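This is a predicted model, so every value here is computed, not measured. We count residues from 1, following the sequence as given.
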Amino acid sequence: MTAGQKFKEEKEEALNARKERIFSSAFELFSKEGIDTIAINDIARNAEIGVASLYRYYTTKDQIAIQTAVWVWQKELETFLPLVSGPDFDSLNGIDQLKKIFDGFLYLYENEKKFLSFVYFFDSYAVRQSISKEDLSEYESTIKQIQVIVSKAIDKGLQDKSIVCPQGIESNQLYFTVMHALFSMVQKLSLSNSLLKMNDDVTAVKQVQLLSTLLINSLKG
């Protein structure tokens with residue numbers, strides 16, 4: 001490695017480390033306070049970098065919010081993907097692969113409440129700001145990595161007869177329906193399960209487990 005190459009590598013490492021601090025700072029603030037109330041100055045201060053430095057990378061809060069969302073999902077995928085890959089997972093039939101994937105939602109509820117809160121605030125912010133689908137393309141591509149895994153499990157189940165798709169329902173319709181149902185449940189439970197006294201009647205964990213079981217049983221071949 002030449003001196004020039006080493007300098008370039010060190011410069012890129014420093015840039016990546018600085019962006020990591022920006023995203024980590026933004027995530028902490030956004031997941032706690034929401035996005036609307038947080039200013040770029042707040043993010044820079046929390047990340048302990050100059051505002052001018054932050055503006056060199058991102059000129060609007062929309063850009064920071066989107067890139068933070070991409071970063072957050074990538075972090076979640078680093079935890080999730082090892083659970084649904086490898087020889088042990090590949091050896092399962094389709095319905096058991098789907099069950100393994102559904103187990104990840106209980107993990108989300110128990111361990112990733114900041115993530116669930118952030119996604120709620122980000123989705124709300126993106127709608128209010130009318131952020132275009134084009135600007136969200138990288139964000140969408142990151143999330144689609146999960147769609148690929150779940151869709152493969154569904155297709156495998158349809159082939160090995162461990163999954164029966166309701167008549168007239170396509171596999172992609174099945175994917176969006178079950179995933180939105182589970183994600184919406186764990187997100188709501190994470191955000192407001194302690195709001196009302198009646199919510200104490202059935203634990204959140206039990207509700208997530210029950211919905212997962214109902215979905216699996218309804219799809220079993």
Side-chain angles (χ1 to χ4, degrees), residues 10-83 104-147 179-180 182-196 199 204-205 207-208:
E10 290 174 347
K11 188 175 181 180
E12 288 177 354
E13 288 177 355
L15 174 60
N16 290 335
R18 179 164 287 188
K19 286 187 175 182
E20 184 85 6
R21 284 165 56 193
I22 292 171
F23 299 146
S24 179
S25 169
F27 171 65
E28 288 297 324
L29 293 171
F30 291 160
S31 62
K32 184 178 180 181
E33 306 290 343
I35 298 176
D36 297 275
T37 60
I38 302 300
I40 290 180
N41 286 8
D42 298 324
I43 298 169
R45 188 182 309 110
N46 196 46
E48 297 182 343
I49 65 172
V51 176
S53 295
L54 195 154
Y55 271 112
R56 280 204 297 270
Y57 308 129
Y58 308 105
T59 57
T60 68
K61 190 166 69 172
D62 284 3
Q63 291 176 343
I64 297 174
I66 293 169
Q67 289 306 308
T68 300
V70 172
W71 177 84
V72 167
W73 274 97
Q74 288 173 341
K75 291 289 184 183
E76 288 302 312
L77 286 170
E78 288 174 8
T79 300
F80 176 72
L81 292 181
L83 302 177
F105 286 92
L106 184 57
Y107 173 86
L108 275 182
Y109 173 75
E110 293 182 319
N111 300 282
E112 300 292 346
K113 293 185 179 181
K114 281 186 178 180
F115 165 73
L116 294 169
S117 176
F118 171 84
V119 173
Y120 169 80
F121 285 129
F122 177 75
D123 287 352
S124 301
Y125 178 81
V127 170
R128 285 195 302 276
Q129 292 294 107
S130 300
I131 297 177
S132 70
K133 292 179 180 179
E134 289 73 21
D135 287 340
L136 293 171
S137 59
E138 185 180 2
Y139 177 67
E140 182 177 15
S141 295
T142 305
I143 298 174
K144 275 189 172 181
Q145 295 181 60
I146 296 175
Q147 182 179 357
M179 295 299 282
H180 284 165
L182 280 164
F183 191 87
S184 296
M185 170 176 268
V186 296
Q187 189 175 61
K188 175 175 174 52
L189 291 173
S190 174
L191 292 170
S192 61
N193 188 53
S194 60
L195 183 63
L196 301 176
N199 291 333
V205 169
Q207 291 178 61
V208 177

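The backbone N or O of Ile35 sits less than 3.5 Å from a side-chain atom of Lys61, completing a donor-acceptor pair. No donor-acceptor pair closer than 3.5 Å links the side chain of Gln129 to the backbone N or O of Tyr125. Not one N or O on the side chain of Lys32 forms a donor-acceptor pair closer than 3.5 Å with the backbone of Ser117. Remark: the backbone N or O of Ala39 is paired with a side-chain donor or acceptor of Asp42 at under 3.5 angstrom. Of the possible donor and acceptor atoms, none in the side chain of Ser124 sits under 3.5 Å from a partner among the backbone N and O of Phe121.
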Query - Leu136/Phe122 under side-chain contact (heavy atoms from CB on, under 4.5 Å): CA gap, chis, key distance, verdict - result: CA-CA 11 Å; Leu136 293 171; Phe122 177 75; 3.8 Å; yes
**Report entry** Verdict with supporting geometry, Val208 and Glu110, side-chain contact (heavy atoms from CB on, under 4.5 Å)
**Finding:** CA-CA 11 Å; Val208 177; Glu110 293 182 319; over 6 Å; no
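Taking each heavy atom of Phe105 and Val186 in turn, the nearest pair found is O-CG1, 3.5 Å. The minimum heavy-atom distance between Leu189 and Ala204, with the atom names listed, is CD1-O, 3.7 Å. Smallest separation of non-hydrogen atoms from Ser25 and Ile43: OG-O, 2.9 Å. For Arg18 against Arg56, the heavy-atom pair with the smallest separation is NH1-NH2, 4.0 Å. Nearest approach of Thr68 to Ile64, heavy atoms of both residues: OG1-O, 2.7 Å.
Rounding to the nearest 0.5 Å places CD of Gln67 at 11.5 Å from CG of Asp62. Put simply, CG on Asn41 and CG on Asn46 are 12.5 Å apart, with the number rounded to the nearest 0.5 Å. The structure places CD1 of Ile143 at 10.0 Å from CD of Gln145, a figure rounded to the nearest 0.5 Å. How far CD of Glu28 is from CD of Glu33: 11.0 Å, rounded to the nearest 0.5 Å. Here the CD1 atom belonging to Ile22 is positioned 3.5 Å from the CD1 atom belonging to Ile49, to the nearest 0.5 angstrom. Going from atom OH of Tyr120 over to atom CZ of Phe183 covers 12.5 Å, rounded to the nearest 0.5 Å.
Taking the ring axis of Phe115 as reference, the NZ or CZ atom of Lys113 does not stay both within 45° of it and closer than 6.0 Å to the ring centre.
No side-chain heavy atom of Gln63 sits under 4.5 Å from any side-chain heavy atom of Tyr57.
Side chains of Ser24 and Arg21: a donor-acceptor N/O pair is absent below 3.5 angstrom, by distance only.
The aromatic rings of Phe23 and Trp71 are tilted relative to each other, their planes meeting at an angle between 30° and 60°.
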Show the atom names and distances, to 0.1 Å, of all donor-acceptor pairs under 3.5 Å that link a side chain in residues 72-79 to residues at least two apart or in another chain.
| unit_1 | atom_1 | unit_2 | atom_2 | d |
| --- | --- | --- | --- | --- |
| Trp73 | NE1 | Tyr139 | OH | 3.3 |
| Lys75 | NZ | Glu20 | OE2 | 3.0 |

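At most 12 heavy atoms of other shown residues, nucleotides or ligands fall within 6.0 angstrom of atom NZ in Lys114.
If you look at Phe118 and Phe27, their ring centroids are closer than 6.0 Å.
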